[in-house]
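Only heavy atoms go into these numbers, but all of them, side chains included; no hydrogens, no water, no symmetry mates.
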Amino acid sequence: MELSKAYEPQEVEKRWYEAWLEQGCFTADPHSEKEGYSIVIPPPNVTGILHLGHVLNNTIQDVLARRARQEGKEVLWLPGTDHAGIATQTKVERQIRDEEGTTRRDLGREAFLERVWNWKEKHGGIIIKQLKRLGCSCDWSRERFTMDEDYSEWVSHVFSELFKQGLIYRGKRMVNWCPVSLTALSDEEVIMKAQRSKLFYMKYEVVDAPGEFIEIATTRPETLMGDVAVAVNPKDERWGKYVGRTVRRPFPEAEIPVIADEHVDPEFGTGALKITPAHDKADFEIGVRNNLEIIDTLHPDGTMNLPDMPEFDGLDRFVARRKAAAKLEEMGLLLKVEEYENNVGYSERADVPIEPRISMQWFLKYPAVDEAKAAVADGDISYRPERWAKTYAHWLENIQDWCISRQLWWGHRIPVWCTRRTSGST
């Protein structure tokens, strides 16, 4: 055959890769006397396809694995895919809704999970095929999936052991909540996006001084129905005389206290902050410090939960925002509205703004924060560029326990059950 003038990678790469697999070039021998070298692939989501970040990441791993083989080591590059709880469940839910006009709750848990497994078997191998097409030298005989039965058993075992050690616990705390997926999210599943928002300036009347007002600025007037206080910085002379007094929340009408808290930034807005502990992490912390009531004004799906205010009850949160602003204007309490640029947290999978929400969840403690700080501070680990060391230190100083529970049907079930006594049995 005449040699092609141009290199044809499709044919050449396919032929050589198949030859490598047939000869077992990538299969690790557990009985080998060679020095071991292993990499566990960061498992890509079973729902997706490779992007450039995956390609870069896997190329680096492949280089390391092939170099180790050339050095005479016994190499295991362990491949696998992740079940991608939120993303996979969302895809299958969308499919049955679009094709059958039904929901997972109409199907029931077992029937829905059967649909998810069928979807995984049909579509879940795309990324593995892409990795092979890239020439990744993984040991494909050991390919794993994070919902494999024995894998799930070990997840339950590790969960139980960490619980016994006091590193996993259950508690009612403020979490990131996705109103579309209806589940808690970890901080890593929230993407901060720059937004052009609006800053609403309103005024609350001082109860013991009719006609006198405290001015407040907020991006979320729809949550004022859950306001339980107005907070000012104790060093802010503008508002000091009001601390200990009360102001009138416009609707539903109520008298709420003016409190002092050092968390309040005097430079933001007017320097006076409306406190809604149920719908803001900072407000929640202020509420805990000052023993304030918590009023939840939202349903899990992001609609308003205000049965005593029919005009707002059931409205979408963003519709309620506009309506609350209009109502304030009608009452003569809306001073002005300004354009405002801020960062808003979005659900990584549903791509909608998350809601801070108080919820009973499971959390994992970070047991070695001090040691992790010291590793960089003492020079055991270095960053290039060096400025990232400060970013790392700041991240660890503000790290919070990891919310690990999700309100999903597709995924590992937390190994905790309750028994109920019915008809003399449990």
Rounding to 0.5 Å, atoms CE (Met174) and NZ (Lys281) come to a distance of 8.0 Å
Exercise. Ignoring hydrogens and angles, tell me if any N or O in the side chain of Asp280 forms a donor-acceptor pair with the backbone of Thr276 under 3.5 Å.
Key: no
Notebook entry, point to check: Quick one: does Val116's side chain get under 4.5 Å of Phe112's, heavy atoms only?
Noted result: yes
For this session: Find out whether the Lys NZ or Arg CZ of Lys132 is both under 6.0 angstrom from the six-membered ring centre of Tyr17 and within 45° of the ring's axis.
Result: no
TODO: May I ask you to test the Ser137-Arg69 pair for a side-chain heavy-atom distance under 4.5 Å?
DONE: yes
(Q) Within 45 degrees of the ring normal and closer than 6.0 Å to the centroid, is that where the cationic atom of Lys274 sits relative to Tyr204? (A) no
- Query: Arg115 side chain to Asn118 main-chain N or O, any donor-acceptor pair under 3.5 Å?
  - Reply: no
Please examine the side chains of Thr297 and Met304, heavy atoms only from C-beta on, and report whether any two atoms are closer than 4.5 Å.
-> yes
The reported gap from CD1 in Ile414 to NE2 in His412 (rounded to nearest 0.5 angstrom) is 11.5 Å
Worksheet item: Does NZ or CZ of Lys91 lie under 6.0 Å from the centre of the six-membered ring of Trp119, at an angle within 45° of the ring axis?
Response: no
| task | Answer yes or no: is there a donor N or O on one side and an acceptor on the other, between the side chain of Asn57 and the main chain of Gly53, under 3.5 Å? | result | no
| Distance under 6.0 Å and angle within 45° of the ring axis: does Arg144 meet both against Tyr151? | no
Hey, does Arg173 have a side-chain heavy atom less than 4.5 Å from the side chain of Gln361? no
**Prompt:** Side chains of Ile404 and Phe159: closer than 4.5 Å at any heavy-atom pair?
**Reply:** yes
Between Gly135 and Arg66, the two heavy atoms sitting closest are O-NH2, 2.8 Å
Within the side chain of Thr303, is there an N or O that forms a donor-acceptor pair under 3.5 Å with the backbone of His299? no
On a heavy-atom basis, the closest approach of Pro356 and His279 is CG-O, 3.7 Å
Check: Side chains of Asp296 and Arg357: closer than 4.5 Å at any heavy-atom pair?
Finding: yes
Exercise. Evaluate the side-chain proximity of Glu189 to Arg349: yes if any heavy-atom separation is below 4.5 Å, no if none is.
Key: no
Taking the side chain from His394 and the backbone from Thr391, do they hold a donor-acceptor pair closer than 3.5 Å? no
Are side-chain heavy atoms of Asp62 and Trp77 found at a separation under 4.5 Å?
yes
Between Ser405 and Ala184, the two heavy atoms sitting closest are O-CB, 3.9 Å
| message | Can a donor-acceptor pair be found, under 3.5 Å and without considering hydrogens, that links the side chain of Gln89 to the backbone of Trp409? | response | yes
Does the structure place the NZ or CZ of Lys120 under 6.0 Å from the centre of the six-membered ring of Phe145, at an angle of no more than 45° from the ring's axis? yes
Of Asn343, Asp351, Asn342, the one forming a side chain to side chain donor-acceptor pair (under 3.5 Å) with Lys193 is Asp351
